[in-house]
Amino acid sequence: MIDRGLLATVAIIVGVITLLDRRLRRRGEAKEPILAMASGPLMAGLAAARLAAVALDDPATLSRPFDLLLIRGGMEYWAGIAGAAAMVWFACRREQTSAWQRLADLAPFALWAYAAFEATCVVRDGCFGPSSPVGLRPGGLGEPQLPTGLLVGMAVAGVATVLWRELPRLSATVVVAAGVVAVAGARSVSGFALPKVTAGLTRPHRESLAVLTAAALVGAGMTARRAFGATRPRHSTSHGPGLLGLDDGATISASDDGASAATFPDSSTERPCSDTL
């Protein structure tokens with residue numbers, strides 16, 4: 001049986017990413033075709049997500065290769081993300097380029113794709129959520145519900161847009177961590193709102209909470225490290241009259257990267273100091 005809703009979702013995601021990619025490259029804001037960059041990681045991610053789901057839920061299926069192709073049978077989201085990231089790492093290692101920078105370049109597009117997936121709940125089984133006087137009515141239900149997937153899609157798309165605009169001013173690790181925090185946070189919050197078969201947290205919900213905590217700690221650590229590095233004082237040494245041929249009261253300042261400059265009391269300008277003085 002063909003799942004028309006899932007096919008429509010895939011078509012919408014590919015269409016959205018293709019349009020964004022063409023527009024950004026036409027404006028000179030994208031480096032290379034995003035579908036070419038993401039095709040390998042996407043395939044690796046889908047394979048990892050499906051294999052992880054089968055290994056956790058029905059290990060016997062591993063011996064039936066055709067059953068592995070039934071994506072409808074389940075996917076492990078974060079295992080797929082790990083598989084895609086590993087593929088990027090291997091490719092960049094082979095090309096001797098920065099894996100963090102490649103992941104940062106892909107992050108906004110990955111967020112836009114995830115946002116499109118969540119928002120297209122309207123063409124799949126319906127947008128479920130808590131009962132609400134204002135909302136959508138999924139098929140088979142008699143009362144409207146808050147469209148959690150639609151709201152998550154809008155929020156993640158907003159984060160993706162902000163990250164894209166700030167990409168030149170942020171480090172690659174901060175962009176990647178912020179993207180992971182956005183998705184993990186959205187999945188964690190929506191996990192409380194979506195209806196559950198059993199009481200307590202589901203396995204995907206627990207995984208998203210764990211990833212959210214880890215990514216938030218990494219992002220906070222990187223931000224604090226950058227802030228601390230930016231506020232470190234410059235080391236200075238004052239010399240007496242005529243020392244090293246400088247005027248009275250001149251000061252040599254040395255920054256952390258080894259650069260040095262001389263400051264004179266009668267001028268606000270700094271003159272470069274030669275390392276051979």
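Start at 1 with the first residue, then count along the sequence.
- When hydrophobic residues (I, L, V, M, F, W, Y) are linked wherever their side-chain heavy atoms come within less than 4.5 Å, Val189 remains an isolated member.
- Tyr77 has its ring centre no less than 6.0 Å from the ring centre of Phe117.
- The side-chain heavy atoms of Arg203 and Asp57, taken from C-beta on, include a pair separated by under 4.5 Å.
- Closest approach of Phe109 and Ile17 over heavy atoms only: O-CD1, 3.4 Å.
- Across Arg102 and Cys92, no two heavy atoms sit closer than the pair CB-SG, 3.6 Å.
- With respect to Glu76 and Arg50, no salt bridge is recorded, no charged nitrogen being found less than 4.0 Å from a carboxylate O.
- With hydrogens and angles ignored, the 3.5 Å screen pairs no side-chain donor or acceptor of Thr120 with any backbone N or O of Thr9.
- Here the closest heavy-atom approach between residue Met87 and residue Ala44 is recorded as CB-CB, 3.7 Å.
- The backbone N or O of Arg93 sits nowhere less than 3.5 Å from a side-chain atom of Thr97 that would complete a donor-acceptor pair.
- Pairs passing the side chain to side chain donor-acceptor pair (under 3.5 Å) check and including a residue from residues 209-219, sequence neighbours excluded, do not occur.
- Judged by distance alone, the side chain of Arg206 and the main-chain N or O of Leu201 form a donor-acceptor pair under 3.5 Å.
- Across all their heavy atoms, Ala48 and Ala79 have their closest contact at CB-O, 3.6 Å.
- Ser208 and Ala184 make their closest contact through O-CB, 3.7 Å (heavy atoms, listed as atom of the first residue, atom of the second, distance).
- The minimum heavy-atom distance between Leu167 and Ala104, with the atom names listed, is CD1-O, 3.9 Å.
- One finds no salt bridge joining Arg187 and Glu207 here, because no Lys/Arg side-chain nitrogen approaches an Asp/Glu carboxylate oxygen to under 4.0 Å.
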